[in-house]
2 protein chains.
Amino acid sequence: MNEQRQQATRQHTCERCPLRPLPIFREFAESELDFVASFKKGELTAERGASVLIEGSHNAHLYTVLSGWGFRYKMLRDGRRQVLNYVMPGDLIGLQGTLMGEMQHSVEALSPLLLCVFERSKLDQLYKCHPGLAFDITWLAAREEQMLDENLLSVGRRTALERAAFLIASLTMRAKAVGLNGNAAVGLPITQQLVADTLGLSLVHTNKTMRKLADRGLIRWRDRGCEVLDLDRLRDIAHSEFPAETKRPLV
Amino acid sequence: MNEQRQQATRQHTCERCPLRPLPIFREFAESELDFVASFKKGELTAERGASVLIEGSHNAHLYTVLSGWGFRYKMLRDGRRQVLNYVMPGDLIGLQGTLMGEMQHSVEALSPLLLCVFERSKLDQLYKCHPGLAFDITWLAAREEQMLDENLLSVGRRTALERAAFLIASLTMRAKAVGLNGNAAVGLPITQQLVADTLGLSLVHTNKTMRKLADRGLIRWRDRGCEVLDLDRLRDIAHSEFPAETKRPLV
DNA sequence: CGTTCCGTTGACCTCTATCAATTTGTGTGG
DNA sequence: CCACACAAATTGATAGAGGTCAACGGAACG
C-alpha cells in the first residue's frame, strides 16, 4: 500500500543483465541491447507489501521485473479483491497503463522487488527503430493474455481442488523457468488469503482445500509461504496441459 | 463445429472499409491504408455455429472482424467450457496463434461472421515499415487483456446477479460502440447456455438469475437472443466503472 | 512478552449444482 | 397451414460445494 517504500537506484547495466543469460530468453542483437540500455531509465525497488502500480492512477512508466515476486489485482469498491496474475522476473508490467492512460489494475510486491524502469517517451522510438523489440512487446502481451485465459478457465470451470493444484503447479513451473529458488524446493511467497483471492474462494474454504493438498503430501506451509513437495501429482490433479515454456523475449 | 462452413471471398476493399468511418476508430494515414490493403489476403465467412479457430490447431492467420458476433473459449477434456470473451466488429483475433504457434483457445461464430484475413508472412514487414500499425496491434492486445481482467474479476468475485448484469451491460455497450443493431433495442445473439459458460455458473442457475433480471424488466429473451430493456439499471446492479470507450485502432 | 499475522477448525447456513420434467419457440417436411 | 422434431427457456425438488461466523494456536516481530 505504501508508495513511499519505493526507491530509485541504478545498479545493473543492461550489458550485464542478470536475467538475459538464462536459456529461457531469446538472443539479443547488439543494436537492440544498446537501445534497451538507453530505454532503461533506472531501477526501482519495492519491499514486500509495497504498491508498484495503483488502479486508477496515471503512471505511464513501463517496467520489467529484474528480481522478486509480485501480483496484479483489481478491487471492487466494497473491498472484494481478485488477483489476476502473478509477476516474476522477466515479466513486463504497466503496458496497459502506458498505452491506454489510466491503470485498470494494481501491482503489489510479494517479496523485495527490483524493477527496470523504462521511459514511456522513448516507446515511439522503440517501435520506429526496433521492430524486433516492438514485436517482443506484443509477444509478451499475448503471453499475458494466454495466462489470463487459463486463469479464467480455472476460476470459472475447475473445482476448488483443481484450481488450487493448478495455481501452485503453474506458479512453480514459471518460477523454475526463470531460476527462482535455484534447485532447492521451490517456495512460493504467498499467503492463503492471497490464494483465496486468486481462486475466487473464501479464505476458510481455501484453507480446507490447501489442507487436503498438504495432507496428501503435495505441499507444506512454512515460513510465510508454500513449499511444493510433489509437482507432478499437483499437475495430475489440475489435469491441464502445461505446455513447455518456450524461448521468450525479454525487454 | 464445422470448418466446412467457411468461405473465402474478397468483396470489401480497405479503402471502402465499412467499419473505419465509425467515430470510435482512429484516423489512418494514407500509407497505412495502402499497406493494410496489401496485408489483407481476403475475406472469410462463417455461419452461426461454425468454428473460426480451434484450440490446439496451428492456424497462423490473423483476422479482423468486419461484421457479426463470435466468442472465444477454452475447454477442459471432460467437456467443461469457459467462454473467455466475445468478439465483434473491429476486434482482432488469432494474435496468440500467430505469434506463438499453437492456438490455446477456439473461436466460434454466434451470427454470420465476416472476417478480413491477414497474411502472417507480412507481419514482419508491418512491424518494420509501419510502427504505427505495430503499435496499434499491441494496443489491441492490451485492450483484450483489460477485458479479460474485468471478466476474471467478475467470475472470481461478483455474485451471480452482478455477473449477469455486468455481462449484459458490457456486451451491450461494446455493441453500441461499433454500431451493431443501429439505434434499435440491442439484441444479443446469445443463449443461456453460453451465458452460463461465460459466468462460470450452471445452466439452471443462470436461468434463474436471468429470470430475476427479466422479472425486473431489465431484459427479455426472444428470438434466440437477449433483448436489453434497461441498460442503466443493469449497470447499477453490476456496480462497475464502465469507462467510456475511447478512440481505438482498427487494423 | 504482548501484539499481530496467518494457518487451522468446527458449526451452521446459503448459494449453486444436479436431476428431472415441462413448456415454449422455431424450423422443417408433409 | 399443420404436425413433428429439436433447441432453448423454465421450474420444482434435492444435494452438495462453498460461504460466514467464531475461536484458537503457533510463529514472527517489535
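Values below: all heavy atoms of this structure, side chains included; hydrogens, waters and symmetry mates excluded. By convention in this document, chain letters (A, B, ...) are assigned in the order of the sequence lines, proteins followed by strands, and residues within each chain are numbered from 1.
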Margin query: Is it the case that the side chain of B:Thr64 and the backbone of B:Cys116 share a donor-acceptor pair, with hydrogens and angles ignored and the cut-off at 3.5 Å?
Written below: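 No: the side chain of B:Thr64 does not pair with the backbone of B:Cys116.
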Check: Between A:Asp149 and B:Gln82, do the side chains contain an N or O donor and an N or O acceptor separated by less than 3.5 Å?
Finding: no
Item checked: Given DNA chain D, 5'-ward residue of the pair A:Leu201 and B:Ala214, judged by closest heavy atom -> B:Ala214
Margin query: With a 4.0 Å cutoff (strictly under), does any side-chain N or O of A:Gln193 reach OP1 or OP2 of C:dC6?
Written below: no
Between atom [atom1] in [X] and atom [atom2] in [N], what is the gap in whole Å?
| X | N | atom1 | atom2 | answer |
| --- | --- | --- | --- | --- |
| A:Arg157 | D:dA17 | CZ | C1' | 14 Å |
| B:His205 | D:dG19 | NE2 | C1' | 14 Å |
| B:Leu161 | C:dC15 | CG | P | 12 Å |
| A:Asn207 | D:dC21 | CG | P | 17 Å |
| A:Arg224 | D:dC29 | CZ | P | 6 Å |
| B:Arg222 | D:dT10 | CZ | P | 13 Å |
| B:Gln192 | C:dG25 | CD | C1' | 13 Å |
| A:Arg80 | D:dG19 | CZ | P | 13 Å |

Item checked: Listed nucleotide nearest any side-chain atom of B:Trp221, set C:dG7, C:dC6, D:dT10 ->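 Nearest to the side chain of B:Trp221 among the choices is D:dT10.
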Margin query: Counting only side-chain heavy atoms from C-beta out, which of C:dT18, C:dC6, D:dT20 sits nearest to A:Lys208?
Written below: D:dT20
Notebook entry, point to check: Between B:Asp197 and A:Arg157, does at least one N-O distance fall below 4.0 Å, as a salt bridge requires?
Noted result: yes
Margin query: Whether A:Glu145 and B:Arg143 form a salt bridge (side-chain N of Lys/Arg under 4.0 Å from carboxylate O of Asp/Glu) is what I want to check.
Written below: no
Check: Is it the case that B:Arg158 places NZ or CZ above or below the six-membered ring of B:Phe166, under 6.0 angstrom from the centre and within 45 degrees of the axis?
Finding: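 Relative to the ring axis of B:Phe166, which defines the angle, B:Arg158 lies inside both limits.
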Next item on the list: Report the residue (A:Val204 or A:Gly225) whose heavy-atom-nearest nucleotide on DNA chain C is the more 5′ of the two.
Entry: A:Gly225
Note to self: Let me spell it out: for each of A:Met210 and B:Thr206, pick the nucleotide of DNA chain C with the closest heavy atom. Which residue's pick is nearer the 5' end?
What the structure shows: A:Met210
Margin query: Classify A:Ser202 by what it touches in the nucleic acid, base, sugar-phosphate, or nothing, heavy-atom distance under 4.0 Å.
Written below: base
